[in-house]
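Being a predicted model, the structure only gives us computed values, none of them experimental. Below, all heavy atoms of this structure are taken into account, side chains as well, without hydrogens, waters or symmetry copies. A, B, ... follow the sequence lines: proteins, then strands. Residue 1 opens every chain.
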Protein chains: 2
Amino acid sequence: MPPTLEEVAKLAGVSRSTVSRVVNQHPNVRPEVRERVWEVIRKTGYQPHAAARSLATRRTRVIGLIIPQAVTTLFTDPYFPILIRGIADACNAHNYHLMLSLFSRRRVQESRARQDLLYQQVLRSRYLDGVVVSSAPLDDPIFPRLLEDGVPFVLIGRYSHERVSYVDVDNVVGARMAVEHLLRLGHERVATITGPLNMCAGQDRLEGYRQALAARGIPVDEDLIAEGDFTEQGGQAAMRRLLPHRPTAVFAASDMMAAGAIKVLREAGLRVPEDVAVVGFDDIPLASMVEPPLTTVRQPIEQLGSMAVELLVSLMENPGEETVHRVVLPTELVIRASCGVRSR
Amino acid sequence: MPPTLEEVAKLAGVSRSTVSRVVNQHPNVRPEVRERVWEVIRKTGYQPHAAARSLATRRTRVIGLIIPQAVTTLFTDPYFPILIRGIADACNAHNYHLMLSLFSRRRVQESRARQDLLYQQVLRSRYLDGVVVSSAPLDDPIFPRLLEDGVPFVLIGRYSHERVSYVDVDNVVGARMAVEHLLRLGHERVATITGPLNMCAGQDRLEGYRQALAARGIPVDEDLIAEGDFTEQGGQAAMRRLLPHRPTAVFAASDMMAAGAIKVLREAGLRVPEDVAVVGFDDIPLASMVEPPLTTVRQPIEQLGSMAVELLVSLMENPGEETVHRVVLPTELVIRASCGVRSR
DNA sequence: CGCCTTTCTGGGAGCGCTCCCAAAATTACC
DNA sequence: GGTAATTTTGGGAGCGCTCCCAGAAAGGCG
């Protein structure tokens with residue numbers, strides 16, 4: 001049975017309040033008393049009881065990371081571990097703990113119910129001081145709920161509501177750079193495998209693709225656009241749909257999809273990059289490990305996570321001011337072999 | 001301001017205690033009263049306050065996942081997301097929440113201090129009802145501490161202490177199957193890139209390698225054993241050390257290391273599998289995506305995670321009995337192209 | 001040295017819940 | 001119809017902490 005404040009107080013010959021002051025670094029404690037109390041704390045291994053503290057302060061020092069339902073499937077994408085590492089590091093640095101809320105990958109309606117339940121349990125029950133939401137579809141019901149409940153949160157991605165803080169990478173520019181690179185290499189039939197179009201990253205990367213074509217005055221051929229879901233399987237399926245339209249280059253909105261596309265191209269007897277150039281997005285470790293190494297758009301995934309936590313912390317710790325923070329991080333084109341750096 | 005028990009009670013015209021009974025499904029409540037109370041709960045959106053509840057019950061319904069320091073680097077290995085998914089799903093199913101404790105990847109001594117601090121904060125402060133520990137070195141100080149503090153925990157891996165419950169995969173047999181397969185294909189100089197030898201998975205896979213050789217009466221050549229750290233870079237470095245000893249086949253204790261090894265072999269002008277056969281371990285998604293697709297040992301990663309939670313839950317919910325649970329899951333050899341399924 | 005500030009300390013109240021016990025209401029049974 | 005057993009209900013105490021307020025101690029100053 002671990003000691004309580006009261007017990008420590010008795011051992012140190014002071015009152016509960018004084019021990020509390022010492023623990024919470026309140027300045028008004030005589031140095032010798034402070035030292036005596038610390039001594040007892042050290043000796044007894046006293047540690048404040050989290051629940052009792054939360055009950056009194058109404059804060060838990062726990063941040064939630066919520067990754068809504070459907071996307072859980074994507075969890076095999078190395079994007080997430082890297083993101084989580086960024087988030088976890090930043091949490092550590094700010095002395096917050098991290099609670100992970102994934103949603104079961106079962107049938108949609110069941111999962112919807114679970115999500116409701118979890119939302120109730122985790123947020124309404126005041127488990128969390130704030131949350132980071134990642135990879136949510138634009139119309140996810142979680143946003144209105146969070147806003148209504150007044151839970152501080154930061155989105156990774158974007159959401160057009162004046163009171164939502166977010167951190168995003170410049171998906172439009174990144175995608176545009178990728179496609180422009182392909183066009184510069186002389187490709188005229190550049191296809192794209194998009195992400196899910198109900199997510200902002202999916203939409204933005206498609207927008208970048210369109211902009212790149214538009215800048216060259218090339219009309220968009222809808223047959224060269226296939227929607228994927230960020231997974232390898234999705235990339236394969238999309239590539240199969242694209243194949244009959246004979247693209248000479250493909251911009252995939254994620255490296256996993258690019259890998260899937262390459263597999264399909266190979267099966268169709270096409271060489272990469274000689275017959276079809278491929279560019280991905282993310283620059284996950286896999287990108288440099290496949291054959292040929294992927295040309296891709298690097299996004300600062302870890303920073304995305306840590307930045308989200310920074311914003312959230314500032315949001316939580318200044319509850320008065322209604323400031324909204326928005327950060328957009330830059331992307332970078334990493335040229336490897338899959339685009340076939342050839343002259344036209 | 002969310003409603004409290006007391007407020008719900010007043011609205012329903014009953015006492016605090018009765019509402020508590022309804023919420024906690026205690027049978028001794030008259031059905032019509034129960035219904036009336038539920039009605040109010042629904043209307044007000046009442047949700048019990050987690051901290052208050054924890055304070056009274058001394059349980060939090062939160063499970064911690066602890067992945068000790070050094071290994072955090074490995075977090076790019078897709079092994080972890082899959083494991084986490086298994087754990088998260090099982091937590092959901094049992095109505096527990098999941099807290100993630102990773103340790104900062106800074107300098108070792110700093111990280112050691114942080115780990116101490118986190119240990120204090122998270123465990124001594126009773127944030128968690130129990131923990132799952134994954135990928136800890138055998139001599140990690142966390143084990144004695146957990147045992148001493150009487151925190152229920154389940155290890156993913158193994159630990160030889162009578163009071164430790166764990167779930168593991170059959171690394172010895174898995175590794176042995178892999179190496180036997182290579183021997184069966186006619187290889188005589190089979191090298192191995194091991195995992196970190198201070199981890200039991202690393203040791204066991206090496207043991208499987210030794211057993212396979214011993215079964216054929218082949219003496220172990222220590223020059224053909226190189227220690228890695230489960231990362232791609234580690235695999236590359238180990239392969240470089242192995243190269244001068246001209247192995248004709250390599251068994252890598254993880255797919256990431258196998259991928260690294262292949263890269264080095266290629267750079268040395270060797271073909272895989274024609275010149276050197278390679279077998280990995282894990283069967284992460286990457287394994288089927290590289291060229292050539294990896295022959296590897298599949299382990300049920302997700303099940304490993306969910307099983308750990310099952311054990312932990314049973315441990316936590318039957319605190320009286322001193323039962324120790326030990327589960328070892330089977331592995332399976334998945335034959336693809338990298339081993340070169342050729343006749344001798 | 002006495003009075004007024006400032007610093008330090010102790011105790012009460014309360015955060016929202018559960019759990020126990022006793023009282024009230026109901027049911028069972030002779 | 002009355003007593004005993006059982007079910008249902010309400011209230012008190014307490015979980016371990018923080019925060020506020022009032023009182024004690026210390027310091028400043030004429």
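The side-chain hydrogen bond (donor to acceptor under 3.5 Å, both in side chains) test applied to B:R58 returns no partner, not counting sequence neighbours. Remark: A:L138 pairs with A:C200, A:Q203 by the side chain to side chain contact (heavy atoms under 4.5 Å, CB included) rule, at least two apart or across chains. Here B:E39 pairs with B:R42 under the side-chain hydrogen bond (donor to acceptor under 3.5 Å, both in side chains) rule; sequence neighbours left out. For A:H161, the side chain to side chain contact (heavy atoms under 4.5 Å, CB included) partners at least two apart in sequence or on another chain are A:L147, A:Y159, A:R163, A:V164. The ring-ring contact (aromatic ring centres under 6.0 Å, His included) check on A:Y127 picks up B:H97, with sequence neighbours excluded. Residues satisfying the side chain to side chain contact (heavy atoms under 4.5 Å, CB included) test with A:Q47, not counting sequence neighbours, are B:Q120, B:Q121, B:R124, B:S125. Residues forming a side-chain hydrogen bond (donor to acceptor under 3.5 Å, both in side chains) with B:R30 (at least two apart in sequence, or on another chain): B:E32. Residues satisfying the side chain to side chain contact (heavy atoms under 4.5 Å, CB included) criterion with B:R34, sequence neighbours excluded, are B:V22, B:V29, B:W38. B:S20 pairs by the side-chain hydrogen bond (donor to acceptor under 3.5 Å, both in side chains) definition with B:N24, not counting sequence neighbours.
With A:S101 contributing its side chain and A:I66 its backbone, the two residues share no donor-acceptor pair below 3.5 Å.
Within residues 2-15 of chain B, the residues approaching DNA chain D are B:V14, B:S15, by heavy-atom distance under 4.0 Å. Within residues 35-62 of chain B, the residues approaching DNA chain D are B:L55, B:A56, B:R58, by heavy-atom distance under 4.0 Å.
A residue-by-residue look at A:V23 and B:V33 shows that B:V33 has its nearest nucleotide of DNA chain D further toward the 5' end. With DNA chain D read from its 5' end, the first of the two nearest nucleotides for A:S20 and B:P27 is the one closest to B:P27.
Across the protein-nucleic acid pair, B:N28 atom CG and D:dA5 atom P stand 18 Å apart, rounded to whole Å. Between the CG atom of A:N24 and the P atom of D:dC19 there is a distance of 7 Å, given to the nearest Å. To the nearest angstrom, P of D:dT7 lies 14 Å from CZ of B:R34. Spacing between atom NE2 of A:H26 and atom P of C:dT9 amounts to 10 Å, rounded to whole angstrom units. The separation between A:R21 atom CZ and C:dG11 atom P is 12 Å, rounded to whole Å.
Closest to the A:R16 side chain, of the nucleotides D:dC17, D:dT9, C:dC19, is D:dC17.
A:R126 contributes no side-chain N or O that forms a donor-acceptor pair with the base of C:dG16 under 3.5 Å.
Looking at heavy-atom distances under 4.0 Å, B:S17 makes contact with a base.
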Base-pair map of DNA chain D as dot-bracket, where | denotes pairing with a different strand and pairs are Watson-Crick or G-U under 3.5 Å: ||||||||||||||||||||||||||||||
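Put simply, the side chain of B:L312 reaches to within 4.5 Å of the side chain of B:P152, judged on heavy atoms.
For B:R30 and D:dT9, the shortest distance from a side-chain N or O to OP1 or OP2 is below 4.0 Å.
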